[in-house]
Number of protein chains: 2
Amino acid sequence: MSPAKRANRRVTLQDVADRVGITAAACSMALRDSDRISPTTKEQVRAVAAELGYVGSSAARALRRQRAGAVALIVPTTSKHVFGHSYFMHVLSGVTSVANDHDTQVLIATNADEARGLTAYERVMRSHSADGAILTSAAIEDETVDRLLASGLPLVLIGNFPQLAAAITVSVDDRTASREATEHLIVVHGRRRLLHLTGPLDHQTGVDRRDGFHDAVAAHGLEEEAVSLEGDFSEEAGRQLVEGRADTFDGIVAANDDMAFGALTALRERGRDVPGEVALIGFDDFGLSRVTTPAISTVAVPAEEMAAVATERLLELIDGRAAGWTRRRMDVTFRFRASCGCDQKL
Amino acid sequence: MSPAKRANRRVTLQDVADRVGITAAACSMALRDSDRISPTTKEQVRAVAAELGYVGSSAARALRRQRAGAVALIVPTTSKHVFGHSYFMHVLSGVTSVANDHDTQVLIATNADEARGLTAYERVMRSHSADGAILTSAAIEDETVDRLLASGLPLVLIGNFPQLAAAITVSVDDRTASREATEHLIVVHGRRRLLHLTGPLDHQTGVDRRDGFHDAVAAHGLEEEAVSLEGDFSEEAGRQLVEGRADTFDGIVAANDDMAFGALTALRERGRDVPGEVALIGFDDFGLSRVTTPAISTVAVPAEEMAAVATERLLELIDGRAAGWTRRRMDVTFRFRASCGCDQKL
DNA sequence: TGGATAGGATTAATCGATGAAGCGGATGCG
DNA sequence: CGCATCCGCTTCATCGATTAATCCTATCCA
């Protein structure tokens, strides 16, 4: 253990300076590799800093530079039940990996408590605990998003927000993807009586995926027999919505995999064969759909990459490089597995 | 929008003070509800603060108070592949909910890059970006844990660390749980030829679960036919370890659910019936095991509660309330489902 | 030899909040 | 009536790093 650690007092820049025999200011410049400091001195400062285990105070730097060196990942409480764990984990993974590469901290902000009328994440932003934020899975009508946007703080949204013209977003084309998934059931598997289990319709994702479904049924003249029922992305909702009408449809398009799994359970309980009697396709591919039996066909959303791209852009914004793309679309990948009848293994 | 927002300049305590006609210091005291300030003034200050949307600078406060108001959740990179997403998510969930209740930020620290010989999370701690940390899934020989511990910074570990006498830990009794799970296959389902798929043996969890397995087979005189093979908690390892010997055993105890699922896949490919020919039990119950077919019997680890408890304790430590428990044991819950033959539904 | 120049450091101010110590005026008490 | 007391606020120093402005001292050239 170094003396500094034993003393258990934080090593400050002044300590390093004293040891080298120069000013704290000079040390600061030396460590930032300023050309106003002689190479010899720089070397000494670096050596002493390493020896003492000097690590600058983030608070002091943040205060002086007016820059926290951190980004926040915002999670609206409302999405706690709505969006699953795995989605968030993928996002977190993408954010941290990029942030790490840029010496930036990641902090998690939720609005669990709305003390003093400010959501926790507004507080995070206003207190400058973070220099910017990634916001995901927000409801369409969430006015805190507007406030955040209006406050001018760097913000990148993951998802589609057509009503927010000024927002910088990273998204997938839910509508087109959902249409294609539906058409797959129609064209490849010959299904005619289709059911769609929607996500929550106060989320754009829910709306878009539903619209895509209707686009497909309309294009193939199947409106008569098509039905869409509102769910909330939960497995339970998927199960309940299908329970009473397991025999009515020969194809189900779920707005996400959890609901697809719920539907699968309900169908199984009713003795309906999947994919024989009912073809099923989900959305997301965040983990669940691959491991069920039958494995659920789905539309893979590149959550981690979206988060990484969003974070890159956010760091640009924070650095004042505002110019750049505003709306970025990522590609989805179709994974046709057993539940629609494509993968016949097992 | 308030003027402050339009001006897009941060609202400082001084601004509030000017508006009220008093000193910033008085404002500070007023907002912290000091009894040295008159009720009238307090009221005014609060009103103005709300009006201007004042939120204190976290950096300034942190600098002055020598307290960041944040805790770090540390994730060793080495565990990236080892521990799954879902486990971490449960932990994060537990940490954030408690931290939120205490007005504390949560930041995620990984050691993705070891710039300048310091892991990223050592840097986080030394820079006082966080006042303390929760560390989970560390390897037995991870010397950064020792350094962190030696540095005297508040730290709570999740998991068993028998070699670290000074550490404060929250854990489950992996060995006993694993023994009981194994005995379940022996006693309830009459299995005699048992295989254990271990976790990585440089993690205490891997060792303990393996030892529990051996305790059970020894207690029932089944050592002759029992085998344990080293895995790494991955589905792929589970599959590979079972692939060559699917016919050799009638009971498999996997150190976690991912490996159990891998084993299940391998058995299925070989046409071995689960649970008929081979009874299978996993460990963790972080999501996967419930949704497979057959559903995998498992030992549920209360990850979220452990994280919550650890965070509560951490906040105590940070507040200087060092006295309290040092090693906390949480209970596991057995979930006997279809893969061991208990739950006959489908 | 003297004045200009540049390299290499120092001084001092600043970021925003906070807490100890100080201070003026009104009240209390003997 | 005069001194002590206390309320309510102000003053000032401080937390640690950073940066603009300044200053000192060789060195160089006319």
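Lettering of chains follows the sequences in order, A, B, ..., and the numbering in each one begins at 1.
- B:Thr12 has its side chain within reach of B:Asp15: a pair of non-hydrogen atoms, C-beta onward, lies under 4.5 Å apart.
- With B:Ser57 contributing its side chain and B:Ala60 its backbone, the two residues share a donor-acceptor pair below 3.5 Å.
- What separates CZ of A:Arg61 from C1' of C:dC15 is a distance of 14 Å, to the nearest Å.
- Whole-Å rounding puts the A:Arg64 CZ to C:dA12 C1' distance at 11 Å.
- Of the candidate nucleotides C:dG19, C:dA17, D:dT18, D:dT18 has the atom nearest to the side chain of A:Ser28.
- Listed for the A:Arg19 side chain is no donor-acceptor partner under 3.5 Å among the backbone atoms of A:Leu52.
- Residue B:Ala25 has its side chain nearest to D:dC12 when only D:dC12, C:dG16, D:dT19 are considered.
- Electrostatic pairing of B:Asp131 and B:Arg65 does not count as a salt bridge here, judged by no charged N lying under 4.0 Å from a carboxylate O.
- The nearest whole Å value for the distance from the CZ atom in B:Arg32 to the P atom in C:dG16 is 19 Å.
- For the pair B:Arg321 and B:Arg313, the tightest heavy-atom approach, listed with the atom from each and the gap, is O-NH1, 3.6 Å.
- Atom pair A:Arg67:CZ and C:dG16:P shows a separation of 15 Å (rounding to whole Å applied).
- Counting only heavy atoms from C-beta on, B:Leu63 has its side chain closest to D:dG16 among D:dG16, D:dT10, C:dA17.
- Put simply, A:Ser57 has no side-chain N or O that comes within less than 4.0 Å of OP1 or OP2 on D:dC15.
- At whole-Å resolution of the value, CG in A:Leu31 and P in D:dG16 are 16 Å apart.
- The distance from atom CZ of B:Arg126 to atom P of D:dA17 is 13 Å, rounded to the nearest whole Å.
- Straight-line distance from the CD1 atom of A:Ile22 to the P atom of C:dT10: 6 Å, rounded to whole Å.
- Summary of the strand contacts: B:Ala26 and A:Ala26 both lie near DNA chain D, and taking for each the nucleotide with the nearest heavy atom, the more 5' one is attributed to B:Ala26.
- Neither OP1 nor OP2 of D:dC15 sits under 4.0 Å from any side-chain N or O of B:Arg65.
- In this entry the distance linking CG of A:Asp18 with C1' of D:dG16 reads 13 Å, nearest Å.
- Contact annotation: B:Gln14 side-chain N/O to C:dC15 OP1/OP2 distance is not under 4.0 Å.
- Contacts of A:Thr23 with the nucleic acid, taken as non-hydrogen atoms under 4.0 Å apart, include base atoms.
- The OG1 atom of A:Thr104 sits 5.0 Å away from atom CG of A:Leu315, with the distance rounded to the nearest 0.5 Å.
- Ion pair B:Arg147/B:Asp142 not flagged as a salt bridge, since none of the NZ, NE, NH1 or NH2 atoms sits closer than 4.0 Å to an Asp/Glu carboxylate oxygen.
- For the side-chain contact (heavy atoms from CB on, under 4.5 Å) test with B:Ile158, the passing option among B:Thr136, B:Val309, B:Thr169 is B:Thr136; the others fail.
- Under a 4.0 Å N-O distance rule, the pair B:Asp35/B:Lys42 does not qualify as a salt bridge.
- The pair B:Asp103-A:Arg123 counts as a salt bridge, with a side-chain nitrogen and a carboxylate oxygen less than 4.0 angstrom apart.
- The stretch residues 38-46 of chain B has no heavy atom under 4.0 angstrom from DNA chain C at all.
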ask   = How does each nucleotide of nucleotides 21-28 of chain C score, in 5' to 3' order, for protein heavy atoms under 4.0 Å: base (B), sugar-phosphate only (S), or none (-)?
value = BB------
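- With the nearest nucleotide of DNA chain D identified for both A:Ala24 and B:Ala60, B:Ala60 has the one nearer the 5' end.
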